Amino acid sequence: MTIRPILTVPNPILKQVSKPVDAVTDETRKLMDDMLETMYAAPGIGLAAIQIGVPLNVIVMDLARDGEPPQVKYFVNPEILEEADDVMPYDEGCLSVPDVFETIERPERVKLTYLDYNGERVTEVCEGLYATCIQHEMDHLKGIVFIDYLSRLKRERAVKKVAKAEKMKAVG
Ligand code: K1U
Ligand code: ZN
């Protein structure tokens with residue numbers, strides 16, 4: 001498994017719309033393995049393939065808290081079938097916008113269908129953080145980053161903060 005670099009805003013690749021996967025193959029599984037390793041190393045609780053520069057509809061997630069056994073989930077070609085009218089606010093972060101957290105409201109429950117690691121179809125209802133995280137990750141597949149929901153001022157401030165932190169990292 002390989003840890004791959006995570007793209008950060010304002011990289012234009014993050015704006016790309018990802019494409020469906022034709023079939024879940026060993027190549028797809030290798031991508032998912034690398035994504036999981038990359039997500040754990042960051043560390044994060046979710047990752048979309050476009051965040052490592054691969055424009056495919058693939059997401060990995062593990063919402064287990066410290067000390068809990070892993071709850072790894074793999075999503076290929078996820079689709080939301082239904083969403084609740086009620087919304088839930090959550091202080092979201094994003095590995096592509098490091099050290100920026102903002103409250104975003106999303107439907108608190110969604111019905112989801114996707115292919116798993118073995119290419120089997122799964123349809124389930126998710127709620128709470130699971131619902132928030134899958135919607136955040138599915139936004140990445142559409143080229144949307146959570147700061148796109150903020151005011152222009154807040155978004156530009158977030159992008160500047162990331163650029164400044166990366167400049168500082170580069171000069172050591
Ligand atoms: O960049 C990403 O898409 C991953 C992102 C997922 C997410 C977090 C919160 C709300 C919605 C989606 C992250 O994982 S940010 C890092 C994070 O939340 C975290 C990191 C370590 C421990 C616990 C949480
Ligand atoms: Zn994100």
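Start at 1 and go down the list; that is how both ligands and their atoms are numbered. In this text, all values refer to a predicted model and were calculated from it rather than measured experimentally. Below, each value reflects all heavy atoms present in this structure, side chains not excepted, and no hydrogens, waters or symmetry copies.
To the nearest 0.5 Å, the span separating CE on Met39 from CD1 on Ile6 amounts to 9.5 Å. Separating the CD1 atom in Ile59 from the OG atom in Ser18 is a distance of 9.0 Å, to the nearest 0.5 Å.
We find that Asp26 and Arg29 are joined by a salt bridge, their nearest charged nitrogen and carboxylate oxygen being less than 4.0 Å apart.
Considering both main-chain and side-chain atoms, Leu95 comes within under 3.5 Å of ligand 1 through a nitrogen or oxygen pair. At a 3.5 angstrom cut-off on N or O pairs, Ile45 counts as close to ligand 1. Looking at His136 next to ligand 1, an N or O pair under 3.5 Å apart turns up. In terms of polar-atom proximity, defined here as any N/O pair under 3.5 Å, Glu92 makes no such contact with ligand 1.
The closest side-chain donor-acceptor pair between Tyr114 and Asn77, if any, does not fall under 3.5 angstrom. A donor and an acceptor atom, one from each side chain of Thr113 and Glu79, are nowhere located under 3.5 Å apart.
A donor-acceptor pair under 3.5 Å is formed between the side chain of Arg155 and the backbone N or O of Leu150. Side chain of Glu68 to backbone of Arg65: a donor-acceptor contact under 3.5 angstrom is found. Between the side chain of Gln16 and the main chain of Ile13, no donor-acceptor pair closer than 3.5 Å is present. Remark: side-chain polar atoms of Thr2 are not paired, donor with acceptor, to backbone N or O of Arg4 under 3.5 angstrom.
Scanning the protein heavy atoms around atom 6 (C) of ligand 1, the nearest turns out to be Glu137 OE2, 3.3 Å. The protein heavy atom nearest to atom 9 (C) of ligand 1 is Gly93 N, 3.7 Å. The closest protein non-hydrogen atom to atom 20 (C) of ligand 1 is Pro43 O, 3.3 Å. Atom 4 (C) of ligand 1 has as its closest protein heavy atom Gly46 O, 3.0 Å.
Within ligand 1, counting atoms from 1 as listed, the ones closer than 4.0 Å to a heavy atom of Gly44 are 14 (O), 20 (C). Within the listing of ligand 1, atoms 1 (O), 2 (C), 3 (O) sit less than 4.0 angstrom from a heavy atom of Gln51.
Less than 4.0 angstrom separates atom 22 (C) of ligand 1 from none of the non-hydrogen atoms of the protein.
Heavy atoms of Met39 found under 4.0 angstrom from ligand 1: none, in either backbone or side chain.
Distances from ligand 1 to the non-hydrogen atoms of His140 include at least one value under 4.0 Å.
Put simply, the angle at the Zn ion (ligand 2) from NE2 in His136 to NE2 in His140 is close to 110°, to the nearest 10°.
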